[in-house]
Participant: 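Quick one: the structure is below, questions incoming.
Note that the coordinates shown come from a computational prediction; the quantities given were computed from them, not determined experimentally.
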Amino acid sequence: PEIWSWHISQMGQNLKRACRLRSTTFSLMGIPELRVHLYPGGRDVSHGSRCSLFLKGPPNFLVDARLWYGEEMITLEQCCLGQGRGIPHFKPPPGAKAVH
């Protein structure tokens with residue numbers, strides 16, 4: 001399987017809720033226009049100070065994918081990515097503090 005990674009060092013320590021970081025657009029396994037959205041301080045629906053991570057892409061593909069953030073992982077099976085799929089409740093990175 002192909003692997004794509006995104007190393008985020010510019011994120012900083014103060015993570016505001018609902019602030020989004022977007023990856024550059026990339027392609028994997030012949031699927032174009034993929035993008036990762038990370039909300040380091042979480043979205044409005046996130047529990048506590050947990051971050052949110054989503055994979056978005058074209059609506060006409062069904063994909064199987066694994067998303068890792070730190071040591072947490074989610075498996076997406078047969079997902080249509082048009083609206084984005086992921087998890088709103090990942091643990092925050094070590095040492096990070098959410099600002100609400």
Participant: Could you measure the distance from the CZ atom of R66 to the CD atom of E77? Nearest 0.5 Å is fine.
Facilitator: 8.5 Å
Participant: Nearest heavy-atom pair of Q78 and D64: which atoms, and what distance?
Facilitator: N-OD1, 2.7 Å
Participant: L67 and side-chain contact (heavy atoms from CB on, under 4.5 Å): which single residue from T75, L53, L38 fits?
Facilitator: L53
Participant: Which distance, rounded to the nearest 0.5 Å, do you find between the NE2 of H37 and the CZ of F54?
Facilitator: 10.0 Å
Participant: Over all heavy atoms of both residues, which pair between L28 and E2 is shortest? Give the atoms and the distance, please.
Facilitator: CD2-OE1, 3.3 Å
Participant: Taking the side chain as every heavy atom from C-beta outward, state whether I31 and V63 have any pair of such atoms under 4.5 Å apart.
Facilitator: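 Touching, per the 4.5 Å side-chain cut-off.
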Participant: Would I74 and Y39 show up in the same hydrophobic cluster when neighbours are defined by side-chain heavy atoms closer than 4.5 Å?
Facilitator: no
Participant: Checking E33 side chain against P58 main chain: does a donor-acceptor pair fall under 3.5 Å?
Facilitator: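 Flag not set: sc E33 to bb P58 has no pair under 3.5 Å.
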Participant: What's the shortest heavy-atom distance between C80 and P59, and which atoms?
Facilitator: SG-O, 2.9 Å
Participant: Between W6 and L76, is there shared hydrophobic-cluster membership here, with clusters defined by ILVMFWY side-chain heavy atoms closer than 4.5 Å?
Facilitator: yes
Participant: Can a side-chain donor-acceptor contact be found between R35 and S23 if the only test is distance below 3.5 angstrom?
Facilitator: no
Participant: For F26 and W4, take the angle between the two ring planes, folded into 0 to 90°, and tell me which bin it lands in: parallel under 30, tilted 30 to 60, perpendicular over 60.
Facilitator: parallel
